[in-house]
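Below is one structure; the comments refer to it alone.
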Number of protein chains: 2
Amino acid sequence: MKLTSKGRYAVMALVDLARFDTINPVSLRDISLRQGISLDYLEQIFSKLKKNQIVKSTRGTQGGYVLSKKPNEIKLTNIFNAVDEKVKTVQCKKESKKGCNGKATKCVTHNLWDELETHINSFFEKKSLEDLLKNNSERIN
Amino acid sequence: MKLTSKGRYAVMALVDLARFDTINPVSLRDISLRQGISLDYLEQIFSKLKKNQIVKSTRGTQGGYVLSKKPNEIKLTNIFNAVDEKVKTVQCKKESKKGCNGKATKCVTHNLWDELETHINSFFEKKSLEDLLKNNSERIN
DNA sequence: TACATACCTGACTAAAATGGTCAAGTTTAC
DNA sequence: GTAAACTTGACCATTTTAGTCAGGTATGTA
């Protein structure tokens, strides 16, 4: 299973965006400074967020990014999927006709990982950006 | 977050053990053959399981491993902890006095990951080896 | 007591993933 | 026309993963 800092950065950046994009687009430079994330890395992340229609961009001076939906419509699942952090548990080698390890049937843990994935995803599907904003109404910068 | 095949192998091997140790200790060789896991790798895993009192070993000819508790007393949490697969989400860089990223307060995602860990661990704390045995009463070998 | 079968330990490593950096653009507002 | 902003893609050092390999030690059985 993977869940690394790329996903975490994405969430941090989007929360930042949600709090500051009320008037003007927010530049990645600002997010980079406020959140302490490398600008180059942010660009990679936002490129994916944009492809997945989570943010919109405006070019040019005073340009930047804006959320493309309301914070309560952006679930964490959407974010993680966008940056390729599928909550993927370890795969059994081949899901061929034969089963998992070349054995005739599914391996013992097969259903277990499926259940786990469901369990975790349900957590991410409930949480939206808005929820995070509420929990962090104290100022961060 | 990590959850890799080492943890999965540990679970597979222990389920195997639970099903076959009723009369004699089970040799790693047998488990290796039945589950398709490298013998050398199994030895590493069982060394840790033994240190954590999840299995007991008998040496010599006809020796092998036996569960040291009943299947319903062995939770998946115990297993994962034993093989060092803490369900660890990404850490914020330093949990120093200052906060997460050198900022004055906790980063926005801090509480989120904590909640997530709790959510996942609760899943593992509920599941025992016995549960897995029930789900797999069809024969696997 | 021989010896096969088991457990035990630690060093090593190829391949993949992670967490970025670097360079070279293209667009657009002012 | 130029600076600020986005865009793209190649590149890479480090760490983790998923084992392998080699060389033991212990012990039940004949």
Side-chain angles (χ1 to χ4, degrees), chain A residues 1-10 12-13 17 20-21 24-33 35-52 54-66 68 80 83-93 101, chain B residues 1-13 17 20-21 24-33 35-52 54-66 68 80 83-86 88-93 101:
Chain A
M1 170 184 298
K2 290 196 319 179
L3 252 194
T4 64
S5 56
K6 187 183 287 185
R8 193 164 65 87
Y9 285 167
M12 285 168 66
L17 204 55
F20 289 98
D21 77 350
N24 294 316
V26 180
S27 73
L28 292 191
R29 205 174 106 82
D30 288 350
I31 298 179
S32 166
L33 291 175
Q35 302 297 329
I37 306 170
S38 134
L39 177 59
D40 285 315
Y41 203 30
L42 271 180
E43 287 179 346
Q44 280 183 42
I45 293 172
F46 271 76
S47 160
K48 293 182 177 180
L49 292 176
K50 192 184 173 186
K51 273 185 198 136
N52 286 266
I54 292 173
V55 295
K56 288 181 296 191
S57 69
T58 326
R59 299 188 146 208
T61 318
Q62 305 300 333
Y65 286 94
V66 175
S68 60
F80 288 128
V83 297
D84 293 325
E85 293 231 303
K86 319 259 167 70
V87 175
K88 59 177 170 193
T89 48
V90 197
Q91 307 296 350
C92 304
K93 283 166 190 169
N101 295 328
Chain B
M1 169 186 297
K2 290 197 319 180
L3 252 194
T4 63
S5 56
K6 186 183 286 184
R8 193 165 65 88
Y9 285 166
V11 174
M12 286 168 66
L17 204 55
F20 289 98
D21 78 350
N24 294 315
V26 180
S27 72
L28 293 190
R29 206 175 105 81
D30 287 352
I31 297 179
S32 165
L33 292 175
Q35 302 297 328
I37 306 169
S38 134
L39 177 58
D40 285 314
Y41 203 29
L42 271 181
E43 285 180 349
Q44 281 183 41
I45 292 171
F46 271 76
S47 161
K48 293 183 177 181
L49 292 176
K50 194 185 172 185
K51 274 184 197 136
N52 286 267
I54 292 172
V55 296
K56 288 181 297 192
S57 68
T58 327
R59 298 187 147 207
T61 318
Q62 306 300 333
Y65 286 96
V66 175
S68 60
F80 287 129
V83 297
D84 293 326
E85 293 232 301
K86 319 260 167 69
K88 60 177 171 194
T89 49
V90 196
Q91 308 296 350
C92 304
K93 282 167 191 169
N101 294 327

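Every chain is numbered from 1 and lettered A, B, ... according to where its sequence line falls, protein lines coming before strand lines.
Atoms CG (A/Leu39) and C1' (D/dA4) sit 12 Å apart, rounded to a whole Å. Distance B/Tyr41 OH to C/dG10 P: 17 Å, rounded to the nearest Å. Look at CG on B/Asp40: it is 13 Å from C1' on D/dG24, rounded to the nearest Å. In this structure, the CG atom of A/Asp30 is 13 Å from the P atom of D/dA4, given to the nearest Å. The separation between B/Asn24 atom CG and D/dT29 atom C1' is 14 Å, rounded to whole Å. When the C1' atom of C/dG19 is taken as reference, atom OH of A/Tyr9 falls 8 Å away, rounded to whole Å. Rounded to an integer number of Å, the gap from CD1 of B/Ile45 to C1' of C/dG10 is 16 Å. Atom CG of A/Leu17 and atom P of D/dA5 are 14 Å apart (whole Å).
Between B/Ile31 and B/Phe46, the shortest heavy-atom contact is CD1-CZ, 3.9 Å.
Backbone-only engagement by A/Tyr65 is indicated by non-hydrogen atom pairs under 4.0 Å involving sugar-phosphate atoms exclusively.
In terms of the side-chain contact (heavy atoms from CB on, under 4.5 Å) criterion, residue partners of B/Arg29 (sequence neighbours excluded) are, by chain and number, B/Ser27, B/Leu33. In this view, B/Val11 and A/Thr109, A/Leu112, B/Val15, B/Leu76, B/Ile79, B/Phe80, B/Leu132 satisfy the side-chain contact (heavy atoms from CB on, under 4.5 Å) rule, not counting sequence neighbours. Applying the side-chain contact (heavy atoms from CB on, under 4.5 Å) rule to A/Ser38 yields the partners A/Asp40, A/Tyr41; only residues at least two apart in sequence or on another chain are considered. Looking at residues two or more places apart in sequence or on another chain, you find a side chain to side chain donor-acceptor pair (under 3.5 Å) between B/Lys50 and B/Ser57. A/Asn24 meets the side-chain contact (heavy atoms from CB on, under 4.5 Å) test with no other residue; sequence neighbours excluded.
At the phosphate of C/dT21, OP1 or OP2 sits under 4.0 Å from a side-chain N or O atom of A/Ser38. The side chain of A/Ser57 contributes no N or O atom lying less than 4.0 Å from OP1 or OP2 of D/dA5. Regarding contacts with the backbone of C/dC8, a side-chain N or O of B/Lys50 is found under 4.0 angstrom from either OP1 or OP2.
For D/dT20, the base has a donor-acceptor partner in the side chain of B/Gln44 [N/O atoms by modelled type, under 3.5 angstrom]. Taking 3.5 Å as the limit, the base of D/dC6 and the side chain of A/Glu43 contain no donor-acceptor pair of atoms between them.
In this structure, A/Thr58 OG1 and A/Tyr65 OH are separated by 9.5 Å, a value rounded to the nearest 0.5 Å.
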Between the protein and nucleotides 27-30 of chain C, list every N/O to N/O distance that falls short of 3.5 Å.
unit_1 : atom_1 : unit_2  : atom_2 : d
C/dT27 : O4'    : A/Arg59 : NH1    : 2.1

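Minimum atom distance to the side chain of A/Ser5 is reached by C/dG20, of the listed D/dC6, C/dG20, D/dA18.
Residues B/Ser47 and B/Ser27 each lie close to DNA chain C; by heavy-atom proximity, the contact nearer the 5' end of the strand is made by B/Ser27.
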